[in-house]
Amino acid sequence: MNSNLSTRSRFPILLLASCVCVVALAAPQDDSRDLGQRAIDLPRPGEVEPMQTMNCARPFHNKGTYVMQVNYSSGSASSDFIPTDKYLEIRRVKVTLRGPGLSAGNLALSTAGSDDWYDLRLEKGAVVYSAASDGALYADRGSRIKFVAYRNNGYGQALTGDYVISGCLVDTLPPIVTRPDLSAPHLPKKRPAPLQPVERPQLIPLKKAGSGR
């Protein structure tokens with residue numbers, strides 16, 4: 001009998017201890033340090049990169065050819081017009097030349113009414129721009145994108161090249177473009193003018209009569 005009483009007396013105590021454990025497990029933990037760290041890790045205004053991995057509801061894709069004429073050191077082309085109700089988030093530009101000598105390139109576009117030039121990178125025989133590597137570029141509604149490609153040899157022959165421009169059509173420009181007061185280290189560096197006048201003739205000296213050269 002004493003054993004049964006002892007068991008019954010311990011039961012409320014065990015039940016109370018179990019309830020305390022459940023309440024402790026259900027109580028929210030103090031994660032103020034985690035929240036503070038997450039706040040520190042958030043990107044500052046002006047440092048937001050274009051969403052390269054997101055699907056695009058309205059993709060923009062333009063490709064074509066261009067020509068470098070005989071005795072010319074550069075050639076250029078322009079994209080199709082951007083629709084008048086959309087801006088273009090440029091994601092990639094690639095320009096190649098069907099022959100030797102491709103050495104550099106420039107990209108020209110209008111953003112928020114400002115016409116600017118940017119350098120293209122030489123990469124594996126092509127001149128390229130990539131938003132993921134070079135920074136965010138956007139082009140105005142109803143405008144066109146232009147590139148100039150340069151060669152440093154082979155001027156004596158006309159060469160054809162190819163280009164591809166791809167991006168995503170969006171409704172608005174992001175703050176990194178419309179807010180010049182923001183610090184935006186991920187924007188590509190502008191240049192005041194292209195490397196050379198567009199399609200500048202490459203002058204080749206004529207042989208002098210009787211010189212044997």
Side-chain angles (χ1 to χ4, degrees), residues 48-70 72-83 86-112 114-155 157-170 173-174 176-177 184-200 202:
V48 180
E49 299 270 4
M51 300 298 185
Q52 295 301 308
T53 58
M54 291 184 63
N55 293 330
C56 177
R58 291 196 59 182
F60 179 92
H61 188 78
N62 185 212
K63 63 180 181 179
T65 60
Y66 70 103
V67 177
M68 286 193 187
Q69 302 289 353
V70 175
Y72 278 72
S73 59
S74 63
S76 65
S78 298
S79 72
D80 293 338
F81 282 101
I82 299 166
K86 298 290 181 181
Y87 296 94
L88 176 62
E89 176 196 296
I90 307 170
R91 294 191 172 181
R92 184 162 176 81
V93 177
K94 182 177 181 180
V95 182
T96 57
L97 188 63
R98 300 177 190 174
L102 186 64
S103 58
N106 292 134
L107 192 66
L109 54 94
S110 174
T111 307
S114 174
D115 296 326
D116 298 304
W117 290 89
Y118 300 88
D119 287 334
L120 297 174
R121 289 181 291 107
L122 186 63
E123 181 181 280
K124 298 180 180 179
V127 286
V128 301
Y129 157 80
S130 168
S133 301
D134 303 315
L137 284 178
Y138 292 80
D140 284 338
R141 296 174 293 188
S143 67
R144 303 175 79 175
I145 303 166
K146 182 178 182 178
F147 72 85
V148 185
Y150 308 97
R151 59 179 171 179
N152 55 17
N153 60 61
Y155 310 117
Q157 59 178 328
L159 291 176
T160 301
D162 303 277
Y163 69 89
V164 178
I165 300 171
S166 59
C168 186
L169 297 171
V170 295
L173 292 176
I176 54 175
V177 174
H186 295 298
L187 289 174
K189 184 178 179 180
K190 299 177 185 178
R191 61 180 304 113
L195 292 174
Q196 303 173 9
V198 178
E199 296 184 342
R200 183 187 70 177
Q202 175 66 31

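It should be emphasised that the depicted structure is a prediction, and the values quoted were computed from it without experimental measurement. What you see below is based on every heavy atom in this structure, not just the backbone, and it leaves out hydrogens, waters and symmetry mates.
With sequence neighbours excluded, the residues that form a side chain to side chain contact (heavy atoms under 4.5 Å, CB included) with Asn152 are Ser103, Tyr155. Residues that satisfy the side chain to side chain contact (heavy atoms under 4.5 Å, CB included) test with Asn153, not counting sequence neighbours, are Pro100. Under the salt bridge (Lys or Arg N to Asp or Glu O under 4.0 Å) criterion, Lys86 pairs with Asp171, not counting sequence neighbours. The side chain to side chain contact (heavy atoms under 4.5 Å, CB included) test applied to Arg98 returns Thr65, Thr160, Asp162, not counting sequence neighbours. Looking at residues two or more places apart in sequence or on another chain, you find a side-chain hydrogen bond (donor to acceptor under 3.5 Å, both in side chains) between Asp115 and Ser110.
Paired with Asn106 under the rule side-chain hydrogen bond (donor to acceptor under 3.5 Å, both in side chains), one option of Tyr118, Trp117, Tyr150 passes, and it is Tyr150. Of the candidates Leu120, Val127, Val148, Leu120 is the only one forming a side chain to side chain contact (heavy atoms under 4.5 Å, CB included) with Leu107.
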Chi angles and distances behind the side chain to side chain contact (heavy atoms under 4.5 Å, CB included) call for Ser73, Met68: CA-CA 7 Å; Ser73 59; Met68 286 193 187; over 6 Å; no
CA sep, side-chain torsions, deciding dist, call: Asp116, Leu109, side chain to side chain contact (heavy atoms under 4.5 Å, CB included): CA-CA 6 Å; Asp116 298 304; Leu109 54 94; 5.6 Å; no
Val128/Arg92 under side chain to side chain contact (heavy atoms under 4.5 Å, CB included): CA gap, chis, key distance, verdict: CA-CA 7 Å; Val128 301; Arg92 184 162 176 81; 4.0 Å; yes
Asp119 vs Tyr129, side chain to side chain donor-acceptor pair (under 3.5 Å): CA-CA, chis, key distance, verdict: CA-CA 8 Å; Asp119 287 334; Tyr129 157 80; over 6 Å; no
Worked verdict on Ile145 versus Leu88 for side chain to side chain contact (heavy atoms under 4.5 Å, CB included): CA-CA 10 Å; Ile145 303 166; Leu88 176 62; 3.3 Å; yes
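The minimum heavy-atom distance between Ser79 and Ile165, with the atom names listed, is CB-CD1, 3.8 Å. For the pair Val95 and Ala149, the tightest heavy-atom approach, listed with the atom from each and the gap, is CG1-CB, 4.0 Å. Across all their heavy atoms, Asp140 and Leu173 have their closest contact at OD1-CD1, 4.3 Å. The shortest non-hydrogen separation linking Tyr66 to Gly75 is CD1-C, 3.9 Å.
With values rounded to the nearest 0.5 angstrom, Tyr138 atom OH is found 9.0 Å from Cys168 atom SG. Expressed to the nearest 0.5 Å, how far NZ of Lys94 lies from OG of Ser166 amounts to 11.0 Å. For the atom pair Glu89 CD and Leu169 CG, the distance stands at 10.0 Å (nearest 0.5 Å).
Annotation: Tyr163 is in aromatic contact with Phe147 [ring centroid separation under 6.0 Å].
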Show me the donor-acceptor pairs within less than 3.5 Å that the side chains of residues 56-64 make with the rest of the protein, sequence neighbours left out.
residue, atom, partner, partner atom, Å
Asn62, OD1, Asp80, N, 2.8
Asn62, ND2, Asp80, OD2, 3.2

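Using a distance-only test at 3.5 Å, with no hydrogens or angles considered, no donor-acceptor pair links the side chain of Arg121 to the main chain of Ala126.
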